[in-house]
Amino acid sequence: MEKQSFEQVLEKNKEKIYRICKIYAVSPIEPEDLFQEVTYQIWKALSTFENKSSIDTWVYRITLNVCIRSKNKLNRVNNKSVRLETINFQPTSIYPDQDLEKKYKALQECINTLSKINQALVIFSLEDLPYKEIAKITGLTENHVAVKMKRIRKELLDCIISKID
């Protein structure tokens, strides 16, 4: 298999990396910071990639690890201090349809209530990854992923319905 350059790997995966960073971000400007950290970690580790999985699976795993590590670090800091939002940043609305935006926010809030592993499963499912690929990334069995996803879908549906009504 031909070795891919850093630029090729990043170009092929940048949208999905950013989507995952955006889901794990706490503030509106944090996805860019997470994206930069993921990019740096991919660049740093690319020479050690051993083709034991697809490059996409490897990128997903790095992205997930960086995002979870960042969220854990932020949670530890927040437990010791009060977070003050001194800059009021209002991003332009991606969704001009108010109903669609409300549903998107409800989904995001509901995903944030899940455990870290369940959040990762949902994110990868939203990326349309097959259970087999999700299992490789997370270290779970394919059957375990399927069972967990069935439970998570029910939990998310109940949560979303309660938020939208």
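All values derive from a computational prediction rather than experimental measurement.
A pairwise comparison of heavy atoms in Gly139 and Arg61 identifies N-NH2, 3.6 Å as the closest pair. In plain terms, the two heavy atoms of Tyr104 and Lys22 that are nearest each other are OH-CE, 4.1 Å. Nearest approach of Lys12 to Ile55, heavy atoms of both residues: NZ-CG2, 4.4 Å. Taking every heavy atom of both residues into account, Gln119 and Leu114 meet most closely at NE2-O, 3.2 Å. Between Val145 and Ile134, the shortest heavy-atom contact is CG1-CG2, 3.8 Å. Across all their heavy atoms, Ile62 and Ala45 have their closest contact at CD1-CB, 4.5 Å.
Proximity of a side-chain donor or acceptor of Glu142 to a complementary backbone N or O of Ala135 within less than 3.5 Å is not detected. Within the 3.5 Å criterion, the main-chain N or O of Val59 finds a donor-acceptor partner in the side chain of Thr63. Remark: the backbone N or O of Val66 is not paired with any side-chain donor or acceptor of Ser70 at under 3.5 angstrom.
Atoms CD1 and CG, on Ile137 and Leu129 in that order, are 5.0 Å from each other to the nearest 0.5 Å. Atom CD in Glu127 sits 10.5 Å away from atom CG in Asp56 (nearest 0.5 Å). The structure places CD1 of Ile160 at 12.5 Å from NZ of Lys102, a figure rounded to the nearest 0.5 Å. The CG atom of Leu107 sits 6.5 Å away from the CG atom of Leu156 when rounded to the nearest 0.5 Å. Here the straight-line distance linking atom CD1 of Ile123 with atom OH of Tyr60 works out to 10.5 Å at 0.5 Å rounding. Note: Cys110 SG to Asp158 CG = 9.5 Å, rounded to the nearest 0.5 Å.
The 12-atom threshold is exceeded at NZ of Lys16, counting heavy atoms of other residues, nucleotides or ligands nearer than 6.0 Å. Heavy-atom neighbours of Tyr40 OH from other residues, nucleotides or ligands within 6.0 Å: at or below the threshold of 12.
Put simply, the residue from Val38, Thr39, Asp33 that forms a side chain to side chain contact (heavy atoms under 4.5 Å, CB included) with Cys21 is Val38.
Between Val9 and Phe49, the closest side-chain pair of non-hydrogen atoms is not below 4.5 Å. Side-chain contact between Ser125 and Arg153 is present, with heavy atoms from C-beta onward closer than 4.5 Å. Looking only at side-chain heavy atoms (C-beta outward), Lys71 and Asn112 come within less than 4.5 Å of each other. With contacts defined as side-chain heavy-atom distances shorter than 4.5 Å, the pair Glu32/Gln36 does not qualify. Lys136 has its side chain out of reach of Ser54: every pair of non-hydrogen atoms, C-beta onward, lies at least 4.5 Å apart. Using a 4.5 Å heavy-atom cutoff, the side chains of Glu50 and Trp58 are not in contact. A heavy-atom distance below 4.5 Å is not found between the side chains of Asn13 and Ile42. Using a 4.5 Å heavy-atom cutoff, the side chains of Ile20 and Leu34 are not in contact.
Under the 4.5 Å side-chain heavy-atom criterion for Ile, Leu, Val, Met, Phe, Trp and Tyr, Leu157 and Ile111 are members of distinct hydrophobic clusters. Two different hydrophobic clusters hold Val122 and Val147 under the rule that ILVMFWY side chains link at heavy-atom gaps under 4.5 Å. Neither Ile161 nor Ile152 shares a network with the other; the hydrophobic side chains, linked directly or stepwise wherever heavy atoms of I, L, V, M, F, W or Y lie under 4.5 Å apart, form separate groups for each.
Counting only N and O atoms by type, the side chains of Glu37 and Gln41 include a donor and acceptor under 3.5 Å apart. Residues Tyr24 and Glu30 have side chains that never bring a donor and an acceptor to within less than 3.5 angstrom of each other.
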